[in-house]
Amino acid sequence: MPADPLTATTGYGRFAPSPSGDLHLGNLRTALLAWLFARSTGRGFLMRVEDLDRVRPGAAERQLEDLAALGLDWDPPVEWQSRRLPLYRHAIEELTAAGLTYECFCTRKEIQQAVTAPHGPLGSYPGTCRDLTEQERDQRRAAGRPAALRLRADRGEFTVTDVLLGEYRGPVDDLVLRRGDGTPAYNLAVVVDDAEAGIDQVVRGDDLLPSTPRQAYLATLLHLPVPQYAHVPLVLNSTGARLAKRDGAVTLRDRIALGETPRSVLKLLAASLGYGDADTPGALLEQFRPENLPREPWSLDPNGLLQPS
Ligand code: GLU
């Protein structure tokens, strides 16, 4: 791990969208920030399509087109998680060989209804299947219950360091590594992918901060380096909720349909970051200082102008 993440000159940053639909201004702003953090520290910048679930056909291509239209560039090739299944399988095998996994037969409802583990964080998996006997497992398998695979965590918390937020201590529980339908879980895939690609800087929305201790802990169990993290504030709608598609003209394509251009949208995003006169990523890069970033979420007002909340 570099001593100072902001002056490192090796490694990669990345943007990792889920192709569930068009990116909205909040997603585009996060992508821009990830690009700025990477490029301003001499890092490469990678793009990864997180298409293990929630895929809408054609959405990934549209997302990449929109990012390119804004002037962002990345180092090829674009990675697609759906094409990397053997890597995740290998990581799961490694954890299993180390005795760090177990099958879980619980339904979502059962987990919600169960009392939370006495020392575990609220909402964490209560450990129902953690110590099943082999016979009990067989019974559940025979009953046809699809088993998820969970991590056998040896602690309830883990601390990470965030470039913007400082130390963050958060829950680690017996997180799902592979879902009942056989799909690798996001928390596993993200850890494997970032390390495999040499990504040592993860810039993303602060809605993912609570997952970060789990991911960093998982990385250490897999003997992988923990990247530097920077969790950036989200964009909110006029009622203070996280910006969503239903909030109106919030995608690049919506804005273009209203007569704006990718350049004017970039300028809007730059203004939201405190750089009112930049209208290209390059111009923004020249002025970008992570330490001056607004630490508060930004609200999109009903007229579509970004204003401080
Ligand atoms: N694919 C996730 C999302 O679009 C982001 C994951 C990450 O940046 O680690 O919300």
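Ligands are counted one by one from 1 in listed order, and the atoms in each one are counted from 1 as well. In this chain, residues are counted from 1 in sequence order. These figures come from a predicted structure and were not determined experimentally.
Atoms of ligand 1 lying under 4.0 Å from any heavy atom of E50, numbered from 1 in the order shown and given with element: 1 (N), 2 (C), 5 (C), 6 (C). Atom numbering of ligand 1 starts at 1 in the shown order; those under 4.0 Å from a heavy atom of R204 are 7 (C), 8 (O), 9 (O). Of all the atoms in ligand 1, the ones that sit under 4.0 Å from a non-hydrogen atom of V190 are 9 (O).
Considering backbone and side-chain atoms alike, A16 places an N or O below 3.5 Å from some N or O of ligand 1. Close N/O approach between R54 and ligand 1 is not found [any backbone or side-chain N/O within under 3.5 Å]. For the pair R14 and ligand 1, the shortest N or O to N or O distance falls below 3.5 Å.
Ring-centre distance between F288 and F37: below the 6.0 Å cut-off.
Scanning both residues, C104 and R150, for their nearest heavy atoms gives SG-NE, 3.2 Å.
Heavy atoms of L208 found under 4.0 angstrom from ligand 1 belong exclusively to the side chain.
Atom CD of E79 is separated from atom CG of L46 by 8.0 Å, given to the nearest 0.5 angstrom.
E136 places a side-chain N or O within donor-acceptor distance of the main-chain N or O of T133, the cut-off being under 3.5 Å.
Residue contacts with ligand 1: Y186 is included, with a non-hydrogen atom under 4.0 Å away.
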Compile the donor-acceptor pairs under 3.5 Å between side chains in residues 16-23 and protein atoms, sequence neighbours left out, one pair per line.
residue : atom : partner : partner atom : Å
S18     : OG   : R54     : NH2          : 3.4
D22     : OD1  : R62     : NE           : 2.8
D22     : OD2  : R62     : NH2          : 2.8

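Between the side chains of Q81 and D51, not a single donor N or O lies within less than 3.5 Å of an accepting N or O.
With sequence neighbours left out, the side chain to side chain contact (heavy atoms under 4.5 Å, CB included) criterion links T30 to F15, V232.
In terms of protein heavy-atom proximity, atom 3 (C) of ligand 1 is closest to S18 OG, 3.5 Å.
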